[in-house]
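These notes concern the structure reproduced below.
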Amino acid sequence: MTTSTTTEVTETTGARTPEAAELIDSARQRIDALDDRIIGLVQERMAVSAVIQDARIASGGRRVNLSREMEVLGHFRDALGKPGTALAMTLLELCRGRI
């Protein structure tokens with residue numbers, strides 16, 4: 001790498017060596033790919049949730065099942081700790097659909 005390239009890479013990664021910058025860049029690419037998969041899974045979860053809600057409403061039920069939401073919150077909390085609860089709340093909010 002040239003000095004200007006090395007400086008540019010280390011500045012964008014926060015690394016102090018070209019080797020660390022290369023490792024960070026590679027890991028970030030993996031994170032970006034994982035994020036794309038997570039987004040796809042969330043979108044899939046939203047679609048499945050819409051099917052459930054439609055069936056529940058069509059049968060005379062409510063759009064939201066609070067006891068089920070509590071199960072989801074507990075599952076995420078048990079797996080990920082307190083931040084898991086916040087993540088689950090966000091997922092539930094995304095999956096509730098529009099009124």
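We're numbering straight along the sequence, starting at 1.
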- What one should report as the nearest heavy-atom pair of R63 and R56 is O-NH1, 2.6 Å

Just distance, no hydrogens or angles: give the donor-acceptor pairs under 3.5 Å from side chains in residues 29-46, sequence neighbours left out.
from: Q29; atom 1: NE2; to: D25; atom 2: OD2; distance (Å): 3.2

Hey, can you pull the donor-acceptor pairs under 3.5 Å for the side chains in residues 67-78, sequence neighbours left out?
from: S67; atom 1: OG; to: N65; atom 2: OD1; distance (Å): 2.8
from: R68; atom 1: NH1; to: E71; atom 2: OE1; distance (Å): 3.2
from: E69; atom 1: OE1; to: R96; atom 2: NH2; distance (Å): 2.7
from: E69; atom 1: OE2; to: R96; atom 2: NE; distance (Å): 3.0

- Task: Could you list all the side-chain hydrogen bond (donor to acceptor under 3.5 Å, both in side chains) pairs where at least one residue sits in residues 80-91, not counting sequence neighbours?
- Result: none

- Message: Who clusters with I57? Use side-chain heavy atoms, under 4.5 angstrom, across I, L, V, M, F, W and Y, and order the result by chain and number.
- Response: none

- Connected to I52, directly or through other members, by ILVMFWY side-chain contacts below 4.5 Å are V48

- Message: The criterion is side chain to side chain contact (heavy atoms under 4.5 Å, CB included); which residues satisfy it with A20, sequence neighbours excluded?
- Response: A15, T17

- pair T13-E22: side-chain heavy atoms closer than 4.5 Å: no

- Message: Connecting only ILVMFWY residues whose side-chain heavy atoms lie within less than 4.5 Å of each other, what is the rest of L66's hydrophobic cluster?
- Response: V64

- Item | Donor-acceptor pair, side chain of Q53 and main chain of C95, under 3.5 angstrom | yes

